[in-house]
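Reading through the C-alpha cells given below for one structure.
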Amino acid sequence: MTSQPPHHIVIAGGGVAGLEAMLALRDHLAPSEARVTLLSPDDEFVYRALSTGEPFGRTSATRYSIGRLTSEHGVTWEKDAIVSADPAHHTIATAQGKDHAYDSLIVALGAERHAALENVLTFTDQSSVPGFRDLLERLRSGRSHSVAFLVPRGSVWPFPLYELALMTAELIRDEALDVKVMLITPASAPLALFGKPAAEAMTEMLAERSIQVIQGNATRATAPGRVLIEPDEYVLAADELVALPQLSGPWIRGLPHTHDRFIPTDPHGRVEGLDDVYAAGDCTVGPIKQGGLAAQQADTVVADIVARLRGHEPPEPAPPVLRGVLLTGTGRSYLRANDFADPDAVVSGQALWWPPSKIAGRYLAPCLGFTDEREQLELHAVEAGVEVQISVPPGSEQLHDLAPEAV
C-alpha cells in the first residue's frame, strides 16, 4: 500500500501572519501530514510595534532570526518572495526565478507602506527613528515651536501616531519646552474604532497633555509647515508635521485584487474564486491593519486547512477580537474590544491578556517570549513610582484573555 506524501503548504511571507500560520500548522499537523515551506526575502522578523518608544529611549524594535525560528519548528525557509501565482496548476513563481508547487498556499504578505503626504515626516517603523530624533532635537533647541500629528484616511492602525504624540507631549512637559502639540484625525473621536470607552479615555489623556485635537477632519495636501484640512478647507500651520504611511496591498499576478491591491477573502481566509489559496494579514481587504488581527486571520486559515485535510467540516471562524497596547509616556494602556460592529472596549492600565505583548498572537507571542516586554513594563512602573508584581498565569503557553477584575 502506497502512503500519501505529506500535504505541501507554502507560506508566502515571514511577518506576523506568516509566522503565526507556521506555528499553528506545526501545532496541529505532524511532519508526516504536512510539509511546510516559508518564503521570505528577509533574514529577520522585526518586532517593529515597539519602535515608537525608541526615539525616547523607552523601547526598541526586537529582531528574531527567521532561519532559526523555521529550523526550530521543522519548516523549510527560502530567502525569496512570491511574484505570481498559477492557481489552476497549483504553482507559484518567485523573485529568484524559481517555481514552487503547492497543495495549499497561504499568502501572508504585509501591506506596502508609502508616504501619504508630501513635506511631512512619515513614521513607518524603526527606520524612521533617526528622523524623529532629529525632530525632537529641533523642539529641544527652540528651532521648532509646534508639531502636528496627522492620521491619514484609509486602512491604518492609528496607535503609533497616538503614542508618538503622547510621548512627545510628555517630553515637552518634563523639559518645560515652549511647544504646541496638535493631532488631526478623520475619525469622529480619538480611537473611535475601539468605541466610546476608549475614545473617552484617549480624549482625557490628550487633554491632560495639552494636545489640541482636530477630529472628523482629513488632511488633503501640504506645503512645508502647512496642511490643508478637509472638509472645512482651512490651512493649519505647524513647524513640524508627522504622519502615518498610507497602505496598499502587494500586487501578486494571478490573484484577485481590489483597486488598492488588497486581496479579497471569505471569512475562512480563502481567496475569493480560488481553490486551496488563502490570504491572511495586512495584505487582505479590511479597514484595520494590525498584528493581532493578522495573527487571528492566520489561525482561521490554518483551522480551515487542517479540517479540510482531515476530511472534517471547517469550524466557523471565531469573531475577531481587537487588542491594543498603547505606550503613553507614563506607562501602558491595554484596550480590548470584542465586537467591531458595536465596540465596547475594556480599557485598563494592567494587562488584559497573556503574554501582555503588543502583537497578541496565540502562537507567536508565546514563541517570541515576553522577557523584553516584561522588563520594559517593570522599568516604566519604577519610573512612575508604581509597585508591580508580574507572574505567569496558569496555562499561559498560549494567548488568553484576563478578566479585568482578575488583574
Side-chain angles (χ1 to χ4, degrees), residues 9-27 36 38-52 59-70 72-73 75 77 81-82 105-113 124-127 155-160 244-245 247-250 262-263 265 269 278-303 305 317-318 320-325 336 353-370 372-373 398-399:
I9 303 170
V10 174
I11 303 172
V16 172
L19 293 177
E20 177 76 11
M22 176 193 80
L23 295 168
L25 286 168
R26 275 293 160 253
D27 184 66
V36 181
L38 186 141
L39 304 178
S40 172
D42 302 312
D43 295 304
E44 296 176 317
F45 166 71
V46 182
Y47 191 10
R48 64 186 180 203
L50 296 174
S51 59
T52 52
T59 57
S60 59
T62 310
R63 300 174 181 273
Y64 300 86
S65 166
I66 290 181
R68 180 180 62 79
L69 289 171
T70 51
E72 286 178 351
H73 293 87
V75 170
W77 168 53
I82 183 175
L105 171 66
I106 303 174
V107 179
L109 303 174
E112 295 184 358
R113 293 166 169 79
T124 303
D125 52 26
Q126 66 281 357
S127 64
S155 299
V156 297
W157 177 243
F159 267 44
L244 293 178
L247 305 179
S248 62
F262 291 109
I263 302 171
T265 61
Y278 298 81
D282 290 356
C283 65
T284 63
V285 173
I288 303 173
K289 309 298 182 186
Q290 190 244 10
L293 292 181
Q296 292 174 62
Q297 291 171 349
D299 294 339
T300 297
V301 164
V302 169
I305 291 175
V321 178
L322 191 57
R323 302 178 181 91
V325 182
R336 185 182 66 224
W353 57 88
W354 201 268
S357 56
K358 265 182 163 280
I359 299 177
R362 179 174 175 81
Y363 297 95
L364 186 59
C367 173
L368 299 183
F370 53 89
D372 294 339
E373 292 272 319
Q398 289 185 336
L399 175 77

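By the ring pair (Phe, Tyr, Trp, His ring centres under 6.0 Å) test, Trp157 is found to be paired with Phe159, residues two or more places apart in sequence or in another chain being considered. In this structure, the side chain to side chain contact (heavy atoms under 4.5 Å, CB included) partners of Leu244, at least two apart in sequence or on a different chain, are Pro152, Pro160, Leu161. Asp43 meets the salt bridge (Lys or Arg N to Asp or Glu O under 4.0 Å) test with Lys79; sequence neighbours excluded. Checked against side chain to side chain contact (heavy atoms under 4.5 Å, CB included), Thr300 has the following partners two or more places apart in sequence or in another chain: Pro317.
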Chi angles and distances behind the side-chain contact (heavy atoms from CB on, under 4.5 Å) call for Ile359, Leu368: CA-CA 10 Å; Ile359 299 177; Leu368 299 183; 5.9 Å; no

side-chain contact (heavy atoms from CB on, under 4.5 Å) evaluation trace for Val75 with Leu69: CA-CA 9 Å; Val75 170; Leu69 289 171; over 6 Å; no

Intermediate values then yes/no, side-chain contact (heavy atoms from CB on, under 4.5 Å), Val46 and Asp125: CA-CA 10 Å; Val46 182; Asp125 52 26; over 6 Å; no

Step-by-step side-chain contact (heavy atoms from CB on, under 4.5 Å) determination, Ile305 to Ile106: CA-CA 10 Å; Ile305 291 175; Ile106 303 174; 3.8 Å; yes

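Using a distance-only test at 3.5 Å, with no hydrogens or angles considered, no donor-acceptor pair links the side chain of Asp42 to the main chain of Glu44. Looking at Tyr64, its side chain never comes within 3.5 Å of a backbone N or O of Tyr47 through a donor-acceptor pair. A distance-only check finds a donor-acceptor pair linking the side chain of Gln290 to the backbone of Gly292 [under 3.5 Å]. At distances below 3.5 Å, at least one donor-acceptor pair connects side-chain atoms of Glu20 with backbone N or O atoms of Leu364. Within the 3.5 Å criterion, the main-chain N or O of Gly281 finds a donor-acceptor partner in the side chain of Gln297.
Among all heavy-atom pairs drawn from Val301 and Ala279, the shortest one is CG2-O, 3.9 Å. Taking each heavy atom of Ala280 and Ala294 in turn, the nearest pair found is CB-O, 4.5 Å. Pairing each heavy atom of Leu293 with each of Pro320, the nearest pair is CD2-CB, 4.1 Å. Contact between Leu399 and Ala360 at its shortest, heavy atoms only, is CD2-O, 3.4 Å. Contact detail for Arg336 and Val321: the closest heavy-atom pair is CG-CG1, 3.7 Å. The heavy-atom pair separating Val325 from Ser357 by the smallest distance is CG2-O, 3.9 Å.
Atom OG1 of Thr70 is separated from atom CH2 of Trp77 by 7.0 Å, given to the nearest 0.5 angstrom. Atom-to-atom distance recorded for Arg48:CZ and Leu50:CG is 12.0 Å, nearest 0.5 angstrom. Note that the CD1 atom of Ile9 and the CZ atom of Arg26 stand 8.0 Å from one another [nearest 0.5 Å]. Of the inter-residue distances, the one linking Phe45 atom CZ with Leu19 atom CG reads 6.0 Å to the nearest 0.5 angstrom.
Annotation: side chain of Ile11 is in contact with side chain of Leu25 (closest heavy-atom distance under 4.5 Å). With a 4.5 Å cut-off on side-chain heavy atoms, His73 and Cys367 count as touching. Annotation: side chain of Val10 is not in contact with side chain of Ile82 (no heavy-atom distance under 4.5 Å). A 4.5 Å side-chain heavy-atom check between Arg323 and Gln296 finds at least one atom pair inside the cut-off.
For residues 285-302, there are no salt bridge (Lys or Arg N to Asp or Glu O under 4.0 Å) pairs, not counting sequence neighbours. A salt bridge (Lys or Arg N to Asp or Glu O under 4.0 Å) check over residues 279-288, counting only residues at least two apart or in different chains, returns the pairs Arg113-Asp282.
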